[in-house]
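Reading through the structure tokens given below for one structure.
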Amino acid sequence: MLRLRNFGVVLAAASLFPLALVGSVPAAAVPQVTKTITLHAPSALNSSWGLVSAIGYGTTAAKLGTSLGGDGGGITYGPSYGTQTPDKTWWYLDVAKKRLAHYSKTGAYLGQVKVPTKYLDQGLYLQYQNPQALKNGSIVLMGTDVSGARLLVMSKTHHFTSVKLKQWVSVHSTDGTSLYGFNTGDQTVRLNPTTGKITTVTWMRGQGGRRFSLAVGSGSVTIKRPGVTRKLKLVSAEHPTKTPHPQLEATMGADGRLWVLISAIVELSSTDYTDAVGLVSISASGHVSAVQPVRSLTSASDPADGLHLGIRYGGTKPWLMFIGTDAARVYRLK
């Protein structure tokens, strides 16, 4: 499970800031169809998934860096996740080495782009996270500094631009051009990564501008697409009498299929809980797929500030990213 335990929704195109409940969702005279789906305790991914890359940690340029955790007890965090650009290559936000590290589609090292010192906090610390790839090949990072919230954008030609924001936005989704997320008032917003303009909207959008919204409840997830409303009643296979409290990540492929990663806390008692996870997809017509099993989402080295689920712009197959204690691994659905 994610370290951030306040229940909420995370939306992704391809992390995490404090999770926000989806605010108002679009009203529509669309019949709601309820479907029960069963989540399971984290387990191994099945044979439908193939390992794309496993990038280990180390001091050489080809390896990702690690940084000491805030507890000072020797825990080391890996990168603040990565994202895939339309050319199929990967960029990892390597906080420890103050860079964006570049890898091929199979994880071969291609080089690095150091973040200029002027964009580091006190000239020393890279205070950004949650990389998002746009369709023009640029990478957007979210962060803050002494002057407030801002974006750091690296263009396809590796030029950096800092974009100041009027308010904090927890960014979780992109249609390839704009970013979508929640402001401090839990309103759904669209963010222009070039100008920093923030606009309140009703729907989030995925590839092709396709609209969707998601909302979480106690033991349920409601998914809306134009003309379609699906309420997923969640059940824990191991603890069917207990209520799962879900968190979500979501991403849309070029084919319009919406993928939703559900990670839920199941409270066994006031002092004990367990995890239940699963991955489903929802077509434009509202068909809900069978639940895919998912391995444990976190590790002792996971900074919990990026997205596990994504699809590159132009692609249709989802990938899952895990920041482990020895390497960052990516799997893709075959």
Side-chain angles (χ1 to χ4, degrees), residues 3 14-16 45 49-134 137-143 152-162 295-310 312 319-332:
R3 283 194 179 86
S15 64
L16 299 174
L45 298 175
W49 296 85
L51 180 65
V52 173
S53 64
I55 303 171
Y57 308 143
T59 57
T60 63
K63 300 290 186 179
L64 294 167
T66 57
S67 53
L68 188 64
D71 66 350
I75 294 177
T76 54
Y77 290 144
S80 289
Y81 287 73
T83 188
Q84 191 177 34
T85 48
D87 66 1
K88 301 183 181 181
T89 64
W90 297 86
W91 289 92
Y92 283 84
L93 181 54
D94 191 346
V95 172
K97 295 183 179 180
K98 305 177 183 63
R99 64 175 184 165
L100 284 161
H102 197 197
Y103 296 86
S104 74
K105 64 180 181 180
T106 57
Y109 182 64
L110 299 177
Q112 64 181 347
V113 180
K114 287 282 190 176
V115 175
T117 302
K118 66 179 180 179
Y119 297 124
L120 303 178
D121 184 38
Q122 302 177 55
L124 298 172
Y125 307 108
L126 181 54
Q127 300 282 55
Y128 290 90
Q129 53 194 309
N130 190 20
Q132 299 281 329
L134 303 181
S138 61
I139 307 293
V140 183
L141 312 176
M142 275 63 70
L152 186 62
V153 183
M154 185 185 77
S155 71
K156 188 176 182 178
T157 57
H158 306 165
H159 173 74
F160 285 90
T161 303
S162 180
R295 55 172 280 183
S296 179
L297 295 179
T298 192
S299 78
S301 295
D302 182 3
D305 59 4
L307 293 170
H308 300 279
L309 175 67
R312 69 172 175 84
W319 46 261
L320 289 169
M321 180 175 291
F322 304 95
I323 307 300
T325 57
D326 62 335
R329 292 179 173 83
V330 178
Y331 299 82
R332 179 177 281 109

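Counting begins at 1 with the first residue of the sequence.
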Check: [Y] and [X] side chains under 4.5 Å, non-hydrogen atoms:
| X | Y | result |
| --- | --- | --- |
| V330 | L320 | no |
| V52 | W90 | yes |
| S301 | T76 | yes |
| Q84 | R332 | yes |
| T83 | L307 | no |
| Y92 | M321 | yes |

Give me the atom names and distance for the closest heavy-atom approach of [X] to [Y].
| X | Y | value |
| --- | --- | --- |
| A328 | P79 | CB-CG, 4.4 Å |
| S53 | G107 | CB-CA, 3.7 Å |
| L134 | V140 | CD1-CG2, 3.8 Å |
| T89 | D87 | OG1-OD1, 2.7 Å |
| N130 | G306 | OD1-CA, 4.4 Å |

Among H158, H102, R99, which residue meets the side chain to side chain donor-acceptor pair (under 3.5 Å) test with Q112?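 Result: among H158, H102, R99, R99 is the only option passing the side chain to side chain donor-acceptor pair (under 3.5 Å) with Q112.
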If I take atom [atom1] from residue [X] and atom [atom2] from residue [Y], how far apart are they, to the nearest 0.5 angstrom?
| X | Y | atom1 | atom2 | result |
| --- | --- | --- | --- | --- |
| K88 | T106 | NZ | OG1 | 11.5 Å |
| I55 | I323 | CD1 | CD1 | 9.0 Å |
| L45 | L51 | CG | CG | 10.0 Å |
| K98 | Y125 | NZ | OH | 8.0 Å |
| Y81 | D305 | OH | CG | 7.0 Å |
| L152 | M142 | CG | CE | 10.5 Å |

Acceptor/donor pairs from residues 56-65 side chains to any protein atom, 3.5 angstrom cut, sequence neighbours excluded:
residue: Y57; atom: OH; partner: G324; partner atom: O; Å: 2.7
residue: Y57; atom: OH; partner: A327; partner atom: O; Å: 3.3

Go through it in stages, so that I can follow the logic: the residues are F160 and L100, the test is side chain to side chain contact (heavy atoms under 4.5 Å, CB included), and I'd like the CA-CA distance, side-chain angles, deciding distance and then a yes or no. CA-CA 11 Å; F160 285 90; L100 284 161; 4.2 Å; yes
Classify the angle between the aromatic ring planes of F322 and H308 as parallel (below 30°), tilted (30 to 60°) or perpendicular (above 60°).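 Rings of F322 and H308: tilted, as their planes differ by 30° to 60°.
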Would T157 and S155 count as a side-chain hydrogen bond (donor to acceptor under 3.5 Å, both in side chains) if you check the C-alpha gap in whole Å, the side-chain angles of each, and the deciding distance to 0.1 Å? CA-CA 5 Å; T157 57; S155 71; 2.9 Å; yes
Determine whether K156 and T85 satisfy the following criterion, side chain to side chain contact (heavy atoms under 4.5 Å, CB included), listing intermediate values before the conclusion. CA-CA 10 Å; K156 188 176 182 178; T85 48; over 6 Å; no
Pairs flagged by salt bridge (Lys or Arg N to Asp or Glu O under 4.0 Å) wherever residues 110-133 is involved - sequence neighbours left out: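 Non-adjacent pairs meeting salt bridge (Lys or Arg N to Asp or Glu O under 4.0 Å): zero.
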List in chain and number order the residues that pass ring pair (Phe, Tyr, Trp, His ring centres under 6.0 Å) with Y109, two or more places apart in sequence or in another chain; answer none if no residue qualifies.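 So Y109 forms a ring pair (Phe, Tyr, Trp, His ring centres under 6.0 Å) with Y103.
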